[in-house]
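Scroll down for the structure; my scribbles are underneath it.
Just follow the structure's listing: the first ligand is 1, and inside any ligand the first atom is 1. Sequential numbering from 1 along the given sequence is applied to the chain's residues.
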Amino acid sequence: MAYTLEDEFGDIIGKARRGQNLSQSEIATAAGITEAELARMEQYTLKPTETQVFRLAEVLNLDGAKLLDIATEQWEPNPPQQVSDSSLEVVTISAPVGGWPVNAYLLICKATDNAAIVDTAAHPDLILEQLDAHNVNPAAILLTHAHSDHTDGLPKLQTATGCETYIHRNEPKPRSENRLREVAHGDALTVGELTVNVVNTPGHTPGGCSFITQGVAFVGDAIFAGSVGGPNISYQDEIDSVRDNLLSLPDAVRLFPGHGPSTTVGEEKLHNPFF
Ligand SMILES: [Fe+2]
């Protein structure tokens with residue numbers, strides 16, 4: 001089976017290194033490897049030895065045993081991608097943007113057949129098809145962050161659905177047909193009979209946020225299965241907010257990221273080398 005994680009060993013050490021503003025030469029020296037070897041590891045062309053994984057983990061403040069499991073492809077989260085219980089269903093829409101798969105989701109309230117669209121994955125037509133296929137009423141558009149691979153196509157979705165669009169007040173604003181509704185940490189939104197809570201998960205972007213309801217959380221690029229999104233704004237904010245606002249949820253809560261497979265709080269606590 002193909003290994004499905006969004007990030008490989010090379011991505012993880014590169015994100016941890018850049019996030020902590022460390023140069024390749026600093027890390028290579030501290031880990032006892034050459035700069036050229038580190039560069040090749042970050043480019044996936046050199047596989048590390050077990051000893052090198054543990055040395056790199058130590059200098060990058062990562063968990064060595066968890067990092068080794070990913071470097072040797074020993075762990076990936078259990079399915080399912082699709083989640084359904086008596087009150088809600090999550091539909092995953094995964095589509096390539098610039099050659100890389102991006103996830104959007106429908107959060108469906110089964111009692112009312114109302115659905116929130118979470119991110120656009122730059123493929124509004126696919127989302128409209130899924131709304132039709134599930135015979136549900138679009139009730140809101142929720143944006144985890146403004147990066148174009150997650151928000152392109154927003155005007156088309158807005159026009160087609162008439163939905164209000166919600167985005168964190170600290171986030172840059174994408175192109176939109178109408179005025180965006182700003183949300184903040186602690187806000188609660190309604191989708192049919194579901195209450196959706198907003199929590200801060202910045203660091204990848206200034207106002208990244210996650211949307212949480214009964215056993216599921218839509219986390220954008222804050223955390224991936226076994227990794228985190230690129231810490232473009234603040235590594236510390238990203239690590240702290242994911243730990244405090246997502247990994248503090250019950251272990252069974254399923255996390256739906258902007259890239260890669262869904263996972264759970266419990267699996268990430270056991271397997272994500274950043275925590
Ligand atoms: Fe992003």
For the residue pair Phe218 and Phe211, is the inter-centroid distance of their aromatic rings smaller than 6.0 Å? no
In this structure, is the centre-to-centre distance between the rings of His185 and His168 below 6.0 Å? no
Parallel, tilted or perpendicular for His145 and His147, by the 30°/60° rule? perpendicular
Are any of the side-chain nitrogens in Asp85 or Lys110 under 4.0 Å away from the carboxylate oxygens of its partner? no
Decide, counting backbone as well as side-chain atoms, whether His145 has an N, O or S atom less than 2.8 Å from the Fe ion (ligand 1). yes
Nearest N/O/S atom of His147 with respect to the Fe ion (ligand 1), by atom name, please. ND1
Among the N/O/S atoms of Asp221, select the one at the shortest distance from the Fe ion (ligand 1) and name it. OD2
